[in-house]
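First comes the structure, then the notes that go with it.
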Amino acid sequence: MEVNVKIGDLIKAISLPATVSDAIKIFDKELAKKAIAAKLNGVEVDLYRELPTTSEVLLIEPILPDTREGLEIIRHSTAHLLAAAILDLFPGTKLGIGPALMDDPRYGFFYDVIAPRQLTETDLPVIEKRMREMAKRNLPYRREEVEKEKILEIFKNRDEPLKCELIEEKVEGKGSIYYIDNSPFIDFCLGPHVPHTGKLKAFKLLALSGAYWKGDSSREQMQRIYGNAFATEEELNSWLRQREEAEKRDHRRLGKELDLFSIHDEYGQGLIFWHPKGGAIRKEMEDYLREELQKRGYGMVFTPHIAKRQLWQISGHEENYADSLFEPMRMPEKFNEEIEFRIKPMNCPFHIGIYKTKPRSYRELPLRYAELGTVYRAELSGTLHGLMRVRGFTQDDAHIFCTPEQVEDEVGACVDFAYDVLKTFGFEKFKVELSVRGKSDGKHYLGSDADWEKAEKALMKALEKRAIPYERIEGEAAFYGPKIDIKVEDSIGRLWQLSTVQFDFNLPERFELEYIGEDNKPHRPVMVHRALFGSIERFFGVLIEHYAGAFPFWLSPIQVAVLPITDRINEYAQLVAERIRQSGFRVETNLRSDKIGAKIRDAQLQKIPFMLVLGDKEKESEKVAVRERRSGDLGQMRLDDFIKILQNLKQSKAISFDVEKFIEKEV
RNA sequence: GCCGGUGUAGCUCAGCUGGUAGAGCAACUGACUUGUAAUCAGUAGGUCGGGGGUUCAAGUCCCUUCACCGGCUCCA
């Protein structure tokens with residue numbers, strides 16, 4: 001019995017029985033050695049898979065370790081190796097799931113377990129050591145296809161209730177199980193896997209954490225062990241180095257080192273204190289934004305931080321977001337006023353208040369209200385994270401009230417605005433998501449089907465008109481309307497969700513908003529929420545990490561460091577600094593009696609864009625010697641010329657300093 | 001909130017199996033007067049996150065509480 005096999009452009013016959021691996025061998029022995037799995041007629045299978053009897057030509061594509069598919073298999077197999085080692089060391093451990101992670105920059109795989117005793121971080125090296133021992137023994141991964149009842153029986157006998165639950169849900173008829181020879185490990189799994197543990201050469205266990213079974217906080221709390229694996233040791237090491245680099249740009253660390261902001265246990269978790277240097281950056285952000293808002297026809301509004309409790313009953317915040325609202329506060333008892341207030345979790349009801357101060361005509365729409373509104377939300381303590389997740393933050397919030405006809409243009413204008421802002425701050429890569437209703441995801445959506453259809457269409461059209469590629473995500477919409485989210489990719493490839501444009505069917509209803517149309521009849525306006533930075537705190541955090549603290553000139557808290565070489569020059573240095581300050585730039589003078597090298601190092605570590613090194617030569621010629629933080633020494637020039645360069649950089653909001661351009665200016 | 005870890009000077013950290021605290025940097029003072037990433041010397045600085053307990057004796061062991069870190073859940 002023979003079967004025809006095709007690899008690449010060649011077709012060869014092979015006599016059965018034979019495995020995928022055998023087939024690859026007759027084409028290319030080296031390839032057969034390198035491959036860790038293969039695709040058989042497009043389906044990923046193990047190398048040990050028996051070739052079926054067929055008159056058709058079997059297409060085989062070997063999967064190599066240096067491909068994404070190969071890496072995924074390596075990571076998945078490493079997760080199994082991890083579980084095997086744990087079972088070996090801690091008999092009686094219950095297994096959850098153990099997938100490969102391909103899009104998480106932090107980890108490459110995990111396995112969720114419930115061990116007979118709580119595991120701690122000190123167990124990780126022990127487990128990893130056992131994994132290495134098992135890897136060295138080249139233990140084969142075996143696959144078997146069996147009836148559902150049989151699989152259930154196996155896992156029931158092994159007392160694996162969670163696995164049984166999975167099998168009940170996933171298997172119909174037959175399913176596949178894997179085991180590793182000479183190990184206590186059996187898993188319910190689709191595969192494929194590497195042929196044997198010897199193929200796993202570069203892995204590392206990284207973290208131990210808690211995880212709920214099926215992500216459900218009412219279910220068992222398991223322990224999750226994270227690790228990563230690569231095809232080669234070099235790749236693993238380079239990944240580990242990159243990880244260290246990412247740690248160095250952690251905004252919490254840089255926030256301290258650069259004196260940008262602080263958080264105080266004794267004043268409250270998740271509450272941000274902006275220091276002068278962080279404040280300088282925030283002021284630039286806000287100034288820029290206000291200018292843009294003015295140009296784009298927004299009205300700036302300012303509203304209180306608290307309001308009567310009933311406002312949030314009308315708005316629906318009390319019923320929909322009860323968990324994230326701070327408890328109500330009361331007037332002092334002796335006042336004898338039975339009023340309850342709440343601190344605001346959102347700005348929208350206030351903007352609605354302004355809208356409702358008088359009857360509105362279609363002629364005044366769209367009305368665009370913008371506010372840098374500070375809101376407070378009762379986030380769980382375990383979720384707080386530096387500037388990224390806080391309990392008090394300022395939104396660059398805006399609400400647009402318009403007619404249904406205007407909404408597409410308004411949404412489009414928001415998207416344009418968002419792109420302009422994000423690009424100005426140096427982001428170049430974007431990922432856009434359109435979140436719409438799910439078919440039947442159990443969520444209770446407000447608004448009629450017709451409203452939703454119109455709204456989704458308006459959002460879609462706005463994106464398509466601009467040829468912006470987007471991903472449509474069903475079931476991710478808020479209960480009150482569909483939305484567009486814009487994510488940016490930072491300088492080390494991480495995605496951050498920043499801007500959002502959202503429809504709201506809920507609030508116009510609840511607050512009974514109206515405008516008088518051309519037909520002299522009342523109509524309900526459409527309301528669009530929109531934030532570009534999202535939260536100013538969070539955006540700031542993302543900026544810190546994106547630039548690793550080396551902000552573009554226009555944002556830098558200190559833009560110029562004036563560094564006199566000796567005390568003799570101090571007076572001249574202060575003169576120079578004052579000129580620069582009066583020209584509108586943030587400047588610092590270092591009058592300490594350090595050597596110039598130390599002063600430069602200091603300024604460099606503070607990531608100050610320009611240093612002026614001033615000695616006797618500069619004083620006599622009334623010039624400045626300019627050093628740029630990245631390009632180094634740029635030579636002498638007249639102070640006025642230097643200030644012109646600064647003005648140019650400031651005005652253009654240049655992201656980076658271009659030496660070429662600078663030298664042209666010199667000539 | 002849940003699971004694991006951590007909490008020692010402004011910062012980064014050392015302090016073995018319990019014997020009442022140490023380094024580097026920063027700060028301050030003085031000397032040096034310096035040409036593109038760390039000049040030298042000296043001084044000061046801590047009720048070891050808080051509370052309770054075991055012990056003759058606790059930074060070290062136990063309990064509790066707070067905060068932070070890594071995750072999970074959540075994220076309008």
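Throughout, a chain's letter reflects where its sequence line sits, starting with A, and its residues are numbered from 1. Basis for what follows: all heavy atoms, side chains included, without hydrogens, waters or symmetry-related copies.
Between the side chain of A/Arg627 and the base of B/U36 there is at least one donor-acceptor pair of N/O atoms closer than 3.5 Å. Interface remark: the A/Arg389 side chain does form a donor-acceptor pair with the B/C75 base, using a distance-only criterion of under 3.5 Å. Between the side chain of A/Thr500 and the base of B/A76 there is no donor-acceptor pair of N/O atoms closer than 3.5 Å.
Cation-pi contact between A/Arg224 and A/Phe110: present, with separation from the ring centre below 6.0 Å and deviation from the ring axis of at most 45°. Geometrically, A/Lys356 does not engage A/Phe511 in a cation-pi contact, judged by NZ or CZ lying under 6.0 Å from the ring centre and within 45° of the ring axis.
Inspection of the A/Gln502 and A/Thr500 side chains reveals an N or O donor paired with an N or O acceptor under 3.5 Å.
Within the 4.0 Å cut-off from OP1 or OP2 of B/C72, at least one side-chain nitrogen or oxygen of A/Tyr226 is found. Between A/Tyr107 and the phosphate of B/G70, there is no side-chain N or O to OP1/OP2 separation shorter than 4.0 Å. Considering only side-chain N and O atoms, A/Arg377 lies nowhere under 4.0 angstrom from the phosphate OP1 or OP2 of B/A76. Checking the phosphate oxygens (OP1, OP2) of B/U36, no side-chain nitrogen or oxygen of A/Arg601 falls inside 4.0 Å. The phosphate of B/C75 (OP1 or OP2) has no side-chain N or O of A/His385 nearer than 4.0 angstrom.
Screening A/Tyr355, A/Tyr298, A/Phe401 for a ring-ring contact (aromatic ring centres under 6.0 Å, His included) with A/Tyr369, the sole residue that qualifies is A/Phe401.
A/Arg629 places no side-chain N or O within 3.5 Å of a backbone atom of A/Ile608 that could act as its donor or acceptor partner.
With contacts defined as side-chain heavy-atom distances shorter than 4.5 Å, the pair A/Phe642/A/Lys623 does not qualify.
Between A/Lys431 and A/Glu433 there is a salt bridge, with a side-chain nitrogen of the basic residue lying less than 4.0 Å from a carboxylate oxygen of the acidic one.
You'll find that the side chain of A/Asp594 is closest to B/U39, out of B/U39, B/G35, B/U36. Considering only side-chain atoms of A/Ser593, the nucleotide from B/A76, B/U36, B/A31 that sits closest is B/A31. Taking the side chain of A/Glu379 as heavy atoms from C-beta on, and the options B/U36, B/C74, B/C72, the nearest nucleotide is B/C74. In this structure, of B/U39, B/U36, B/U33, it is B/U39 that holds the atom nearest to the side chain of A/Lys595. With B/A76, B/A67, B/U34 as the candidates, the nucleotide lying closest to the side chain of A/Gln269 is B/A67.
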(request) Mark up nucleotides 2-18 of chain B, 5' to 3', with B wherever a protein heavy atom is under 4.0 angstrom from a base atom, S wherever such an atom reaches only the sugar-phosphate, and - elsewhere. (result) BBSS------S------
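Within 6.0 Å of CD on A/Glu622 lie no more than 12 heavy atoms contributed by other residues, nucleotides or ligands.
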Report, one pair per line, the protein and nucleotides 23-29 of chain B atoms (nitrogen or oxygen only) whose separation is under 3.5 Å.
unit_1: B/A27; atom_1: OP1; unit_2: A/Arg592; atom_2: NH1; d: 3.1

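Across all strands shown, B/C11 is found opposite B/G24 as a Watson-Crick or G-U wobble partner, with both distances under 3.5 Å.
As rounded to whole Å, 18 Å separates atom P of B/A76 from atom CZ of A/Arg342.
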